[in-house]
Amino acid sequence: MNNYLENLNEEQRKPVLHTEGPLMVIAGAGSGKTRVLTYKIIHLLKKGVSPFNILALTFTNKAAKEMKERISKLTNDNQAKSIWMGTFHSVFARILRSESELIGYPPNFTIYDSYDSEKLISNIIKEMNLNKDFYKAKGIKNRVSSLKNSFITPKNYFNQPELIESDKLANRIQFGEIYRNYVNRCFKSAVMDFDDLLLKTNQLLNSSPETLIKYQKIFKYILVDEYQDTNYSQYLIIKSLADRYQNLCVVGDDSQSIYSFRGANIDNILNFKKNYPECTTYKLEQNYRSSKNIVEGANSLIKKNKFKIDKNIWTLNDSGSKIILNRSQNDNDEGRFVASNIFEEKNNHQLNNGSFAVLYRTNAQSRSIEDALRKINIDYQVFGGLSFYQRKEIKDVTAYLRLVVNSNDEESFRRIVNFPPRGIGLKTLEKLLIISERENISMYDTINIIDKYPKLFNKGVMGRITDFRNLIESLKIESKTKNADYVLTNVINGSGIIDFYRNEGSVESINRIENIEELRSGINDFILEQKELADGDTSITRYLQDISLYSETDKSFSSDRVSLMTIHMAKGLEFNVVYVVGIEENLFPSILSLNCSEDLEEERRLFYVAMTRAKDKLILSHCDFRFKWGNIIECEPSRFIDEVDIEYIEKNNFKEEFKPTIDNNISRIRKLRKRGFVNVNKVDNNNSPIINIVVNDIVEHQRFGLGLVEKIEGDIQNKKATINFKIGGRKTILLKFAKLKIKKGT
DNA sequence: TTTTCAAGAATTTTT
DNA sequence: TTCTTGAAAA
């Protein structure tokens, strides 16, 4: 493998050969970015750099795994296994575990996913008795996350009047207090959330100069992929680690920056030159992936963005077929169109299902596509949405494991202390929380001292709590000597989870039992996999870390399934035929991005990412009507469609006139109703609500609001009702004039 | 303490 | 429409 450089073109070879000093590679979509990274690492290894001195940060765990495999194959040795390669989160989680004492954490700290964090925040809001209308857990969590990603701790927060002011204006004056509580509770629980993995790394590197120097010396060569989607925290980590040798190579494409909602800061890439004046910039502009129509169509769109690095993406590939623009009547039709089109393409071009992807803006859009594919028996795989590890039963089982590993973990404790139900209810938990605060210990540890509070608990409760502790303690002892699978088996048996679901006996419960079985086989795969690795780690702690950092993008592809996913998830992937569906105003671009030009530009970049996933064929699609929350709403084609130069587009399915089908009439009426043009009372003449009102119905009156029907009298034409309104009291109303809505029949 | 039922909210994107 | 939450009943 001496001629490895011959596998690169001229512009790819330059950054590969440039090993010393800072460099930035601006790599257009499909220009061989991964290839450059792979060969650059190979080149470093060939030059004699030890794999232990290379840090390569990728966007997904799967990307890391694949790159390692590729390197191993090309170098024909085992060195790749020893490279520090992975996502920011997983690499630094690993480092934090081995250095945890330096920042006051035990090495077996738990990692909370967003769901756990939100739950904890919502508990804190409840405990603080705050108004739920102003303090929504999700919003608070997002703000906490963005502060952490900007490296603003609670202490910094309280030192910045403008931050406090902005929360005051948003009616969240207590935000700082929540933030502080949240951070304290996490610390007390020996927990880090996703953002902590980066923030604590920075704290570690800042507070301990020896540690900083140690890792600077280890990471002589640093490579960062998808640099356009790094946030400030990540920027700081890289900056301090690369400070000694300055051998930093960042690769990215500003036109594909799509994660600002997660704190990604496009300025990191736009300002790289400013931060590293010595840096060399290379550009990869030749696209090898897509046909000319696709490349140029995408170029014509992204031109509309103001903030970007100048580049000219070109290709030698054939023109290929034009980009197809489909218009469907509604989302179900769109699904049917996609499904039948896949069917045709498959037959005409001998493609397997894995060559196709359907991309959309929001996860909820997958359903109509799924229905249509299922109907004509095309296998598909949905990426995203609720992942396996987020299922209730899986979260429950892993909560037991988490509690075994780290019994200070409050969320896991709360989650399973009474699941399956064992008579330890909310009241008991409240008491335990009070004790835990008074004694400054974790909720689990309060169990050991409840006999100090005999007045608070009756005998039954006391016994049940102790039983629970004994269960966890015996699992803890096992976990010290036995492997993860053994402990998991005893969690399942000891907790009674399986029995609980078996007793329920519903289809859903059986499904849950199967999922738990699947988890068990997953844990065995994990053990086998780790045993193969040089630095393999088969501990439960490691297993729990892996699954909490697991993402849906890490799921493996199947060549005989069509892939369905959001565009965000499709970053870095390519498919022969790509359908982008739901390209409508307010959906894509998202309605939330409309009043901010930066956000709108990001949506445009997202659309650019979607288009450039396609190799041979790109099909864009939009509908006239779409289901939302049980209503049909009218949709306009997205502005982005007009922004793609018309010469690359071929319109399809454009029937200017609809034949009104029954379906269509219903949708018109619903649409009009929604706009308030059709009075609900008049639509269904035959079974008008007026006639249907009976005693004890709760009705809503335009002026008086809600009321209870107490009496009905009179003949059909002059029916009168006596209604007791919450506001306004008892009234007798002539039904033929009143516009009443039935809210509830009792 | 647990179960049941009805009302209300919810949809951007994710490590 | 589906999921979550809260109150009432068992």
Side-chain angles (χ1 to χ4, degrees), chain A residues 57-64 86-93 111-115 117-119 122 126 132-133 136-138 141-142 145 148-149 192-198 226 229-231 233-234 257-264 331 359-368 383-387 390 392 418-429 458 460-461 464 504 545 547-554 565-571 582 586-594 599 602-603 605-607 609-610 626-633 698 706 743-746:
Chain A
L57 296 163
T58 57
F59 199 70
T60 64
N61 294 305
K62 199 166 118 202
T87 61
F88 273 88
H89 291 85
S90 53
V91 167
F92 295 113
I111 299 170
Y112 273 3
D113 63 18
S114 349
Y115 180 89
S117 311
E118 195 177 320
K119 204 84 199 250
S122 123
K126 262 184 222 151
K132 278 192 311 193
D133 295 337
K136 297 207 165 112
K138 200 175 231 149
K141 188 201 73 189
N142 287 340
S145 173
K148 283 190 177 180
N149 283 326
M192 293 200 198
D193 64 19
F194 284 149
D195 308 312
D196 282 333
L197 295 175
L198 308 174
E226 308 280 9
D229 280 323
T230 51
N231 61 33
S233 236
Q234 291 167 321
S257 168
I258 55 174
Y259 276 94
S260 70
F261 68 91
R262 203 167 85 185
D331 45 352
L359 308 181
Y360 34 78
R361 181 65 180 79
T362 64
N363 282 305
Q365 288 167 258
S366 73
R367 226 177 81 178
S368 55
F383 292 79
L386 194 67
S387 95
Q390 287 169 328
K392 182 191 177 302
N418 198 30
F419 185 83
R422 47 174 76 88
I424 305 172
L426 274 174
K427 282 270 167 285
T428 310
L429 279 186
N458 65 40
V461 174
R464 293 196 287 265
E504 247 182 20
Q545 171 172 312
I547 64 174
S548 51
L549 297 179
Y550 168 89
S551 98
E552 276 286 286
T553 29
D554 298 330
M565 65 182 88
T566 63
I567 299 157
H568 282 89
M569 283 216 155
K571 187 166 91 153
N586 298 338
L587 179 59
F588 195 8
S590 155
I591 193 162
L592 295 162
S593 69
L594 296 183
D599 288 353
E602 177 149 320
E603 294 282 314
R605 291 193 293 267
L606 191 59
F607 194 54
V609 169
R626 179 173 293 279
F627 251 106
K628 204 178 185 188
W629 295 335
N631 286 311
I632 288 175
I633 54 159
I698 288 174
L706 295 180
K743 298 299 277 189
K744 189 181 95 181
T746 42

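Throughout, protein chains are lettered first and strands after them, A, B, ... in sequence-line order, and every chain is numbered starting at 1.
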> With a 4.0 Å cut-off on heavy atoms, is Leu549(A) in touch with a base, just the backbone sugar-phosphate, or nothing at all?
nothing
> For dT15(B), does either OP1 or OP2 sit under 4.0 Å from a side-chain N or O belonging to Asn149(A)?
no
> What integer distance in Å separates Phe261(A):CZ from dT11(B):P?
14 Å
> Using whole Å, report how far CD of Glu552(A) lies from C1' of dT15(B).
13 Å
> With heavy atoms under 4.0 Å as the rule, sort Asp195(A) into base, sugar-phosphate or nothing.
nothing
> Within the structure, does a side-chain N or O atom of Arg422(A) lie under 4.0 Å from either OP1 or OP2 of dT2(B)?
no
> State whether the side chain of Asp195(A) and the backbone N or O of Lys148(A) hold a donor-acceptor pair below 3.5 Å, judged by distance alone.
no
> Between His568(A) and Tyr360(A), is the ring centre distance below 6.0 Å?
no
> Which part of the nucleic acid, if any, lies within contact of Thr60(A), taking any heavy atom under 4.0 Å across all strands shown: a base, the sugar-phosphate backbone alone, or nothing?
nothing
> Answer with base, sugar-phosphate or nothing: what part of the nucleic acid does Arg605(A) contact at a heavy-atom distance below 4.0 Å?
nothing
> Heavy atoms from C-beta onward define the side chain here; which of dT11(B), dT15(B), dT2(C) lies closest to that of Thr553(A)?
dT15(B)
> Could you give the CE-to-C1' distance, from Met192(A) to dT15(B), as a whole number of Å?
16 Å
> If I take atom CZ in residue Phe59(A) and atom C1' in nucleotide dT15(B), what distance separates them, rounded to the nearest angstrom?
7 Å
> Select one nucleotide: of dT14(B), dT15(B), dT2(C), the one nearest the side-chain heavy atoms of Tyr259(A).
dT14(B)
> Measuring only between side-chain heavy atoms, which start at C-beta, is Tyr550(A) closer than 4.5 Å to Asn61(A)?
no
> Rounded to the nearest angstrom, tell me the gap between atom CD in Gln365(A) and atom C1' in dT11(B).
10 Å
> Between dT5(C) atom P and Glu118(A) atom CD, what is the distance in whole Å?
9 Å
> Between C1' on dT15(B) and NZ on Lys148(A), what's the gap in Å once rounded to a whole number?
14 Å
> Measuring from the side chain of Lys628(A) (C-beta onward, heavy atoms only), which nucleotide among dT1(C), dT11(B), dT14(B) has the closest atom?
dT11(B)
> Check this one for me: any side-chain N or O of Ser590(A) less than 4.0 Å away from OP1 or OP2 of dT13(B)?
no
> Would one find a side-chain N or O of Asn363(A) under 4.0 angstrom from OP1 or OP2 of dT13(B)?
yes
> Answer yes or no: does a side-chain N or O of Thr362(A) lie under 4.0 Å from OP1 or OP2 of dT11(B)?
no
> Report the secondary structure of DNA chain B in dot-bracket form, marking unpaired bases with a dot and bases paired to a different strand with |, and treating Watson-Crick or G-U pairs with both distances under 3.5 Å as paired.
||||||||||.....
> With a cut-off of less than 4.0 Å, is there a side-chain N or O of Ser90(A) near OP1 or OP2 of dT15(B)?
no
> Just to confirm, is there a sub-4.0 Å distance from OP1 or OP2 of dT11(B) to any side-chain nitrogen or oxygen of Lys138(A)?
yes
> Whole angstroms only, please: what is the NZ-P distance between Lys136(A) and dA9(B)?
9 Å
> Which residue, Thr428(A) or Thr566(A), contacts DNA chain B at a nucleotide closer to its 5' end, judged by nearest heavy atom?
Thr428(A)
> Where the side chain of Ser551(A) is defined as all heavy atoms beyond and including C-beta, which of dT15(B), dT1(B), dT1(C) is the nearest nucleotide?
dT15(B)
> Under a 3.5 Å distance rule, please check whether Gln234(A) uses its side chain to pair with a backbone N or O of Leu198(A) as donor and acceptor.
no
> P atom, dG6(C) versus dT11(B): distance in rounded Å?
16 Å
> Less than 6.0 Å separating the ring centroids of Tyr259(A) and Phe59(A)?
yes
